[in-house]
Structure formats: structure tokens, C-alpha cells
Amino acid sequence: MYQSLFGDFQSWEPLTCRSLDLDKAPLSKSLLLVPSTLSLLLTLLLPHCQKFFVYDLHAVKNDFQIWRLICGRIICLDLKDAFCSGLLIYNFRIFERRFGSRKFASFLLGSWVLSALFDFILVEAVQYLLGVTVASNLPSGFLAPVFALFVPFHCSIPRVQVAQILGPLSITNKTLIYILGLQLFTSGSYIWIVAMSGLISGMCYDRRVLQVHQVLCIPSRLAQFFSWALEPIFSSSEPTSEARVGMGATVDIQRQQRMEQLDRQLMLSQFAQVRRQRQQQGGMINWNRLFPPLRQRRNINYQEGPRSEQRAPPPLEVSEEQVARLMEMGFSRGDALEALRASNNDLNVATNFLLQH
């Protein structure tokens, strides 16, 4: 089992109405808004100021313009890079929501510092080994930490098949993210150097090579200060209880979507109530009592009048392979069994329940 800096989290949060927002991810929101806004300002209104944000390694090395390591590696001068990196940060916000802003910020800081060193090493290695002179200006922006986040994404997030095409080829829950990363990787001539340095720095930090995670980390006092000063600005409120229905949907589809949303809200409210009781009394939560099988819930005809009581169906047989996958994610066997039975052996729904609660 892969041991990463992000602990035992090994599942990707399903795309639900709750995961479409940026609540509990103020750092991700700030990285989306601030650099993108500055990139637009520099491109549209202040093009004469772009020279101060060029990532020029020769100027850093020969003229000792150390400030370019900061200014040139924060703001993207190419709007395509800013757009792609913003989408990737938006998708990687799950790490911040799950493990906190301080740990997420420490990873970004560590990979950002290490990647600056690896940029110099890669450029010198290409010139020495291949005899190829690399352009002095590398792509600007907060790109290396974005590529570094692919390391925990690849190693910690399980691959769940969504659809299968052309025989062995299949579409998974991670395919779109990899395609977006490939688009960013091929957006420029020398962006592969920034990408490689980001991936290497991400592996070094995530694998805790030479204990760099203890040196390049956000101090607790500094984290508390930024939490007090900036979190009220970039924090987001909880999503509203009503989910929007897609335009052009038929009445049946709208009704089904509303019923699924109501079921989800009911399950979450029931779980919150029982969880408070569990904290006071202790013990294991009865998932079958909270979350009856979803297929059974969908087949119920909602009609007026009292319904006769029916005996509870016998427990479903749970796949040991799916139990093993949930246990590899860090959940206990009891919770994995109950979640799979409650979700009618649906691994995605069971994972969603265990992650959110």
C-alpha cells in the first residue's frame, strides 16, 4: 500500500452537488482568483509590466535577479496556461478539503521551492548531455506545484471505470484530469522542463525524501495568522439545499433528479443525527438503518395512503474485492461492509458515504 504525505486518503470524491463548490477550500479559491485576475490584468491592461514577471533563468544565474524566482513563478503570462492550471487546482481542491489548508499549503510550498532547484538542474543537464541550448525564458506561472499534485493524485486516488470503449480502452474518473494535464504539458516549447521539475519535486516531497516535508512546511503560528486574516475573505458558504436541474430535461428526468437530491439530503441529515448520538454513547453506526439499498428506494412507488409494513430483505452478499479496496483506502472492515450493503454493492456510492462522513 502506498504511503504518502496525505495519509491514508485513497479515493476521489464523486462529482456531486456538494463537490461542485469551493467550501472548506479557501487556499484553492485564492489560487484560482488571485493569479487568474492578475494574469488578465497583465495581458489586457498592463502589457508593459509583463517584463517583471518573466521567468528568466539566465537573469537569475548571471545577474543574480533572485526576485524573478518569485515573480516569474506565480503569475502566468499565457492565458491558456492560467486557464488549464486553474481547472487543475479546482479539481485538486479535494486534498485541501480532506486534510486541511495548512497541509495542502505545505505541499505546494515545498514543491514550489524544490522545483526551482530542479529547473536549474534540468536546464544544465540538457545543455551538458544533449548539447541543446534551452531558451532563457521558461513558462511563467504557478505551474510546477500544479504538476506536483499529480503525484498524490496518481498514487492515492483509485481508478474507477466509468465507461469502456474500443475493447481494452476505458474511461475512468481520472481520465479528464490526465487529459487536462496533457494539454497543459504540451502548451509550450519548454514547459516540459517545468512539468518534470514539478513531478520530481512532488515525488520528493510526497515520499518525504531527506525529510524535506519537515523543513519546507507552513509553521502553525503562520497558518493561524493567515487563517484569521485571509480565510474570511476567501472562504465559501455551504452549498444551498436545492440543486439546479439541467435545462432541457424532461419532466420525468427532473422528478428523478429531485427525488435523488431529496434522498441524499435525508441520508445526510439522518447520519448527522446518529453521529451526534454516537459521539455521546459510542459504538458503530448501523449503515443499513440509515441508508437502505438505493435500488430498493428507487423502485418504491410514492403513493398516498399508509403502506403496509414489510419484512426487511436479507443482507446482501458483499464482494470481498470491493471490501478489500475500501480497506486499502483506510476504512475499517465493518464500515466497508455496512457501506457496501447500504449502497447495494455500489463502490462509488459507498466511497462517497465513507468520505463525507
Side-chain angles (χ1 to χ4, degrees), residues 4-5 31-32 35-36 38-39 42-43 50-51 53-62 65-66 68-92 95 107-157 159 172 174-207 209 212 216:
S4 70
L5 185 70
L31 291 176
L32 279 174
S36 300
L38 293 177
S39 297
L42 289 174
T43 303
Q50 290 186 355
K51 60 184 179 179
F53 298 91
V54 174
Y55 186 22
D56 191 346
L57 287 182
H58 290 179
V60 176
K61 179 181 177 181
N62 299 329
Q65 298 180 3
I66 308 299
R68 290 192 179 275
L69 289 176
I70 300 176
C71 297
R73 304 179 71 243
I74 294 180
I75 302 174
C76 291
L77 298 181
D78 191 333
L79 292 182
K80 299 191 302 295
D81 294 346
F83 179 74
C84 291
S85 60
L87 287 179
L88 289 172
I89 291 175
Y90 175 78
N91 283 277
F92 291 146
F95 292 113
F107 180 86
L108 294 178
L109 174 64
S111 59
W112 186 75
V113 174
L114 290 175
S115 60
L117 175 62
F118 288 120
D119 284 343
F120 283 98
I121 295 177
L122 287 176
V123 169
E124 294 297 331
V126 169
Q127 293 180 353
Y128 179 77
L129 297 177
L130 303 179
V132 178
T133 301
V134 180
S136 60
N137 297 341
L138 293 181
S140 303
F142 197 72
L143 301 177
V146 174
F147 284 106
L149 285 170
F150 274 98
V151 176
F153 174 75
H154 175 76
C155 299
S156 303
I157 306 300
R159 178 178 175 270
T172 69
K174 304 167 70 173
T175 302
L176 181 61
I177 310 301
Y178 285 129
I179 293 176
L180 191 59
L182 183 62
Q183 170 65 30
L184 183 60
F185 183 83
T186 57
S187 62
S189 301
Y190 296 102
I191 197 172
W192 64 270
I193 296 180
V194 179
M196 292 298 297
S197 64
L199 292 174
I200 296 173
S201 62
M203 287 187 289
C204 293
Y205 197 91
D206 197 56
R207 296 295 183 92
V209 176
V212 292
L216 301 175

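Interatomic distance, Leu176 CG to Asn91 CG, rounded to the nearest 0.5 Å: 7.0 Å. To the nearest 0.5 Å, atoms CG (Leu69) and CG (Leu57) are separated by 7.5 Å. Note that CG of Asp206 is 10.5 Å distant from OG of Ser201, once rounded to the nearest 0.5 Å.
The aromatic ring centres of Phe92 and Phe150 sit less than 6.0 Å apart. You'll find the ring centres of Tyr178 and Phe185 outside the 6.0 Å limit.
Shortest non-hydrogen contact noted between Leu114 and Cys204 is CD1-CB, 4.3 Å. The two residues Ile75 and Ser39 come nearest to each other via the heavy atoms CG2-OG, 3.4 Å. Minimum heavy-atom separation, Lys51 to Arg68: O-NH1, 3.1 Å.
By the 4.5 Å heavy-atom criterion applied to side chains, Phe107 and Leu149 are counted as neighbours.
For the side-chain contact (heavy atoms from CB on, under 4.5 Å) with Leu108, the lone residue among Tyr205, Phe142, Phe95 that qualifies is Phe142. Only one option out of Leu143, Thr186, Asp78 pairs with Ile191 in a side-chain contact (heavy atoms from CB on, under 4.5 Å); it is Leu143.
With hydrogens and angles disregarded, a donor-acceptor distance shorter than 3.5 Å links the side chain of Lys174 to the backbone of Ile157. Remark: side-chain polar atoms of Arg73 are not paired, donor with acceptor, to backbone N or O of Tyr55 under 3.5 angstrom. Between the side chain of Ser140 and the main chain of Phe53, a donor-acceptor pair closer than 3.5 Å is present. In this structure, the side chain of Ser85 engages the main chain of Ala82 through a donor-acceptor pair within 3.5 Å.
Residues Thr172 and Thr175 bring a donor and an acceptor atom of their side chains to less than 3.5 Å of each other.
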- For Gln50 and Thr43, what are the C-alpha separation, side-chain angles and deciding distance, and is it a side-chain contact (heavy atoms from CB on, under 4.5 Å)? CA-CA 8 Å; Gln50 290 186 355; Thr43 303; 4.0 Å; yes
- Query: Do Val123 and Tyr190 pass the side-chain contact (heavy atoms from CB on, under 4.5 Å) test, and can you show the C-alpha distance, the side-chain angles, and the key distance before you say yes or no?
  - Reply: CA-CA 10 Å; Val123 169; Tyr190 296 102; over 6 Å; no
- Item | Residue pair Phe118, Leu199: steps toward the side-chain contact (heavy atoms from CB on, under 4.5 Å) verdict | CA-CA 10 Å; Phe118 288 120; Leu199 292 174; over 6 Å; no
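Shown here are the ring-ring contact (aromatic ring centres under 6.0 Å, His included) partners of Phe83, two or more places apart in sequence or in another chain: there are none.
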